[in-house]
Amino acid sequence: MPTDFRRTKQMFDLPEGIVYLDGNSLGPLPRAASARISQAVTAEWGEMLIGGWNKAGWMEQPARLGDRIGRIIGAEPGCTVLGDTLSIKVWQALASSLSLRPDRRIILSDEGNFPSDLYMAEGLAQMLGGDYRLVTVPPERVADAIDESVAVLMLTEVDYRTGRRHDMADLTRRAHESGALAIWDLAHSAGAMPVDVAAGGADFACGCTYKYLNGGPGAPGFIYVAPRHADAIPALSGWLGHDAPFAFERTYRPGAGVQRMRVGTPPVIQMAALESALDVWDDVDLADIRAASLALSDRFIAGIEAACPDLTLATPRDHAQRGSQVSFRHAEGYAIMQALIARGLIGDFRAPDILRFGLTPLYIGIEDVDRAIAILTEVMQGGLWDRPEYKVRSAVT
Ligand SMILES: *Cc1c(COP(=O)(O)O)cnc(C)c1O
């Protein structure tokens with residue numbers, strides 16, 4: 001059955017009069033989440049107290065919800081677990097990968113990768129000492145930069161600024177042919193388009209759940225470990241990754257497979273929110289999401305290019321290379337975005353000059369895109385952004 005996007009839109013609580021094109025940064029509130037969170041607080045924490053770990057299934061939640069995310073990213077069952085933040089999951093994936101390629105020293109990534117991923121790689125390389133090194137190249141040069149010095153290729157499938165998409169299967173195959181591993185950050189692809197980590201050959205994958213998966217601010221990260229790496233060292237050896245946490249053994253013994261990637265106590269209440277967000281996906285076909293997202297982004301690009309010649313498209317026109325966002329460049333991008341937000345069109349700004357708009361068919365339709373085009377056109381053609389109050393930078397842009 002084709003996905004009913006009118007039904008999915010009804011499942012979100014969006015303020016009246018707003019066009020929300022920022023679900024790529026923070027997904028909106030699923031209607032069912034408030035009651036589910038309230039139940040976790042009053043009926044579980046309030047009534048069960050410490051018993052909630054057993055009676056309400058809190059301890060299994062990271063694996064149970066991990067598997068629901070696993071279905072969205074094409075993972076084999078039992079290979080995905082939730083916890084911590086994406087940055088930490090990136091660090092674990094990197095450290096495990098390096099331990100699997102002890103004779104190699106290079107982490108290869110692209111210059112457009114999200115700073116936290118690059119900082120994590122650099123920090124880990126420094127900590128390991130020796131000649132461990134992060135090497136970054138422009139995104140279109142990654143394929144040529146893979147050689148036999150590379151221990152691990154670490155890429156974000158969809159670039160957070162431009163929305164440019166890498167070919168996961170092709171680059172992973174090239175990495176493997178050179179004897180390297182491949183880590184994929186799915187922050188801008190999980191829930192945005194079909195992803196198939198198993199078929200794509202990913203060794204490790206990780207992502208966050210507060211963007212396209214709508215788990216709410218503070219929702220945990222996830223990590224996928226390919227079954228062939230089930231015995232890889234977990235890198236952060238916390239007690240909940242132990243094979244028997246409640247045996248309180250003096251010696252760390254890693255748990256089975258991806259369970260060893262757990263570190264400490266999970267955020268139970270936040271995961272209640274994530275659980276209701278994942279319910280939305282039960283009757284959603286990611287191929288329908290992809291088709292609708294491309295139609296919306298094509299329409300948005302055509303509308304803006306026709307009306308706003310001062311904005312330069314930063315997102316690839318080629319569908320195969322496009323994620324689920326559209327970005328334009330403008331030197332006054334920050335002020336323009338504030339003027340849009342003041343008129344009810346919410347996107348965001350990424351330094352130095354990117355205006356970013358996420359197109360999320362679960363709750364965004366053609367009428368929203370047409371309103372967005374109209375508001376952006378009004379702001380650009382009237383120069384309405386050129387006011388001092390739109391140039392005052394907030395902490396979060
Ligand atoms: C959003 C995002 C992050 C953020 O990581 P947190 O640890 O969850 O704050 C990291 N990497 C990429 C590629 C992102 O898009």
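Nothing fancy with the numbering, it's 1 onward along the sequence. Numbering of ligands and ligand atoms starts at 1, following listing order. Excluded from the calculations below are hydrogen atoms, water molecules and symmetry mates; all remaining heavy atoms, backbone and side chain alike, are included.
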Would Thr156 and Asn113 count as having a side-chain donor-acceptor pair, cut-off 3.5 Å? yes
Heavy-atom cut-off of under 4.0 Å around ligand 1: list whichever protein residues fall inside it, by chain and number. Thr85, Leu86, Ser87, Phe114, Asp117, Thr156, Asp185, Ala187, His188, Tyr210, Lys211
Residue pairs passing the salt bridge (charged side-chain N to carboxylate O under 4.0 Å, His left out) test with at least one member in residues 10-25, sequence neighbours excluded, are Asp13-Arg31
Contacts satisfying salt bridge (charged side-chain N to carboxylate O under 4.0 Å, His left out) that involve residues 142-159 (not counting sequence neighbours) are Glu157-Arg165
Share the residues that join Trp45 in a hydrophobic cluster, the rule being Ile, Leu, Val, Met, Phe, Trp or Tyr side chains under 4.5 Å apart at the heavy-atom level. Ile37, Val41, Ile50, Trp53, Trp58, Met59, Trp239, Leu240, Phe246, Phe248, Val268, Ile269
Between Asp131 and Arg133, is the closest basic N to carboxylate O distance under 4.0 Å? no
So does Arg173 pair up with Asp170, basic N to acidic O under 4.0 Å? yes
